[in-house]
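Note sheet for the following structure.
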Amino acid sequence: MDRLAFDIAHLLAGSLVLASFMLLYQDRLYAMLNLFALQALLLALSVAWQAHIQGASHLYVTAGIALLFKAILIPLALHRMIERLGIHREVENVVGIGLTMLAGMALVALSMVVMLRVTAEADPLAREDLAFALAVVLLGLLMMVTRRNAVSQVIGFMSMENGLILAATGAKGMPLVVEISVAFSILVALVVVGIFLFRIRERFDTVDIRALDSFRGERR
Amino acid sequence: MALTIALGCAAALLAIAALGAARGQLAGFFKPSYGACLAATVLPLIAAGAHLLDAGTPDLVLRLPLGLPWLGAHFRLDALAAFFLIVVNLGAAAASLYGLGYGRHEPAPQRVLPFFPAFLASMNLVVLADDAFTFLLSWEFMSLSSWALVVAHHRQRANIDAGYIYVLMAGFGALALLLAFGLLAGPDGAYDFASMRGGERAPGLSALVLALVLLGAGSKAGLVPLHVWLPLAHPAAPSHVSALMSGVMTKVAVYGFVRLVFDLLGEPAWWSAMVVLALGGITAVMGVLYALMQHDLKRLLAYHTVENIGIIFIGLGLALAFQANGIGWAAALALTAALFHVLNHSLFKSLLFLGAGAVLSATGERDMERLGGLIHRMPRTAVAFLVGCMAISALPPLNGFVSEWLTFQAILQSPQLPQWGLKILVPAVGGLLALSAALAAACFVKAFGITFLGRPRTEAAAAAHEVDGLSLASMHLLTLLCLLAGVLPGLVMDALTPVCQALLGQRLPAQAALPWLSIVPLAEHRSSYNGLLILCFTAISAGLAWHLLRRVGAPGARRAPIWDCGFPVPIPATQYTASSFAQPIRRVFATLLFRAREHLHMPPPGDPRPARWHVEIRDLVWELLYLPLAGAVDFAAGRLNAFQFLTIRRYLSLVFLALVSLLLVLAAWP
């Protein structure tokens, strides 16, 4: 049972990283949204599995929140936003896909090395979980850095937050209040970002953030 | 009990500061404010004096639940703290008394009254603090409240500049002290002084701490080349605050040095004495040479503070040298000399600044070239100022002589030192000390002679009037103390024995029991000094000479036109000026040290324009050290400025890169 529990947790966390890579590779907005929903679903499964093996019933609530908000509500909201904004479906990358993927692999390797080193005494389950979580966070950040489109930056941000939730649930004893407040702050961030997207669009007829820079009168 | 009184009075001073902030703009509020300050400084003065003189009282400690929750605020009153508490509160009481009279001339009382008591309270708290947090907090509070006083008269551009440089240097010094305390506390973070005291430290670490303390306390005290803010900031404040900053705050900085180096750092290394001695010697000579070039009375006094800090550090360096070699009695002599000079300088420098303040409020002038002849219009101020000048010039029987004499006695013990470096350096520093003493005398002949003697050079000087009674009382009190400390040095030296005992484990022999108030620091056959004898001799011979001149030489006073050197132009501009007085010394020393150049513009014959002669003096410390530093900071700031205007994505990339590189460091860490 123990061995199996570990393997399933490992599998779910690893598939989160895989979903991050797919997000990194994808350059169409709707597909990105779907992938993000998939990642959130995997997160919810992973958290539920953690709840099961840790015997911590409050984690089921976290899993529920992840499922409801991140796998259903946020992708739907973003979907509607894209439709109403009628934005260009393609996402422009700053760096080429191949290079981004290579950088992503290096980041995963880095997070493995760091986490396995610094958590030498920790519970192996938590160790693996933390390493994957750091990888998801770094990949989310990489996505924010390499994309020019505001919507894809929002998705990068949300995927980063998925990594944080994964790390938080992997460690035993994280109180529920923290997770609920994180979930709500993400929701608030979504609302704010949504409003801003509409405002940017109204002003500049695009959600390409380069328009913002040129409005600020800066050179690139 | 004494500690409770001192802390209670500090709290009372803070309350007065708060009241000053609320009611400072009311006319006449200065009277209760300064009166309360006077009371709140005299009380701890008496308490600390009783604590110091009552030999055998244990150190008083107190821990208040303030500040950091796991540390609390520790306070301690030992012999060293008690001595500096006396120095601080003596100067503070004199300044408060002066303020009672001076307060009505203050144009902006609401800018002085809240900060003056806060400044006093913070200096008391620095001396009493017994953990690094309380010490640094009080130290910074002292810097900030004195900065507020420096920029009190903020309409003058020069004051704002002085305040800017002051607050920069104060921040730099506090940073150095913060790092020094961090190194002393070690990785466990033991920030109370009691646990720092016993720690074992590697020699490299001790050297680093000493360097940081020299930067931190030295910049506050005014060691060359960290002195640049001092002659700008001290004169900018109102005069009784100048007296406090010069007379007292620099002593608090000396206290910080003594506390950290002698008490907390443990056994000194002999080369650390070399550094302190060399810095002290250079500071003494440079300070007095700077002072000689000045025509501004208050700035001249501020530069003399630099000189006297040099003398004090020479004494401290000697104490370190002897202590490092286990010659305890000589170390006790040197430390006694240094601390005695701390007391003396606080007395006569406060007196001189108060005198300069009296001149300033009577004439509105600080420039000596626009004063003159004040001895006829302000005779009482003139007497007090003259005594202060004699004391700072180290003339017996006044107090300045005793402490410099003791310093020389310690220098004369240098053949006992085994290291050749010290054997050579100490007599050289003795030469510097002698030179600075002689130059100081020249400088104060100039300061007193140009300001008070001769004929008035301007209308303002001619229309001067004596200042009020309270200001005079404050100055005359300090005059009396200067004389008493000079005639009764044995009492001061005996009061300092517990300090030496606590810091060095050695003490000088008791002096009070010796006949005729003599002092014999080491042994009868080596050296002894008797201030009373010199006072009596001076008084009797002067009286006799006066009597003979009056009765035998020229019976009856007669009034006649003064001798005009055969040059009967009756304008005051024909008098000796401050710069002409300093000219010989300027030509000898300043041509090299300050690049002094004299320019003469003589119009050709027939041209009715006046001839012009002016002296150009450059401050090489400023030009070679501070301007390049400021330029480098400016350059770096200009470069970093680009970071203010990046795109959002670039900021994110920077965060990302920083995160990744930190993780890489973590991964590569052995």
Side-chain angles (χ1 to χ4, degrees), chain A residues 24 91-95 100 103-120 130-131 133-150 152-154 156-157 160 163-164 193 196 200 207-220, chain B residues 65 67-72 132-133 178-179 181-191 195 199 201-202 204-205 208 630-670:
Chain A
L24 209 55
V91 179
E92 213 176 327
N93 279 317
V94 182
V95 192
T100 316
M105 278 185 243
L107 285 180
V108 173
L110 177 68
S111 53
M112 290 290 164
V113 171
V114 168
M115 272 304 165
L116 296 186
R117 272 179 64 118
V118 295
T119 58
L130 282 177
L134 183 61
V136 173
V137 169
L138 287 179
L139 289 174
L141 201 50
L142 180 65
M143 187 168 152
M144 288 177 81
V145 170
T146 52
R147 300 295 168 89
R148 282 227 169 96
N149 186 295
S152 62
Q153 286 196 335
V154 173
F157 177 68
M160 235 175 92
L164 288 182
V193 164
F196 266 96
I200 294 170
V207 288
D208 190 325
I209 55 172
R210 274 180 296 183
L212 285 181
D213 299 337
S214 60
F215 176 68
R216 278 171 52 187
E218 277 135 23
R219 61 189 191 280
R220 265 185 307 275
Chain B
L68 297 180
W70 61 92
L71 185 66
F133 183 77
L178 181 72
L179 295 177
F181 276 122
L183 288 176
L184 278 175
D188 307 331
Y191 283 106
S195 32
R201 292 179 187 91
L205 191 70
L208 197 58
V633 170
D634 205 29
F635 177 78
R639 291 279 132 158
L640 288 175
N641 203 14
F643 281 96
Q644 209 178 340
F645 304 104
L646 293 183
T647 64
I648 302 166
R649 208 176 50 71
R650 293 242 167 121
Y651 281 128
L652 277 177
S653 313
L654 282 180
V655 171
F656 181 65
L657 286 179
L659 181 63
V660 168
S661 48
L662 284 178
L663 285 175
L664 276 175
V665 169
L666 197 60
W669 201 259

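The chains referred to below are lettered A, B, ... by the order of the sequence lines, with proteins before strands, and numbering in each begins at 1.
Proximity to chain B (any heavy atom under 4.5 Å) is restricted, for L110(A), to the side chain, taken from C-beta onward. Proximity to chain A involves both the backbone and the side chain of L664(B), based on heavy atoms less than 4.5 angstrom apart. Both the backbone and the side chain of L142(A) come within contact range of chain B, with heavy atoms under 4.5 Å apart.
In this structure, L663(B) and V114(A) approach most closely via the heavy-atom pair O-CG2, 3.3 Å.
Heavy-atom neighbours of F656(B) CZ from other residues, nucleotides or ligands within 6.0 Å: above the threshold of 12.
The one candidate from V655(B), L654(B), L652(B) that meets the side chain to side chain contact (heavy atoms under 4.5 Å, CB included) condition with V145(A) is L652(B).
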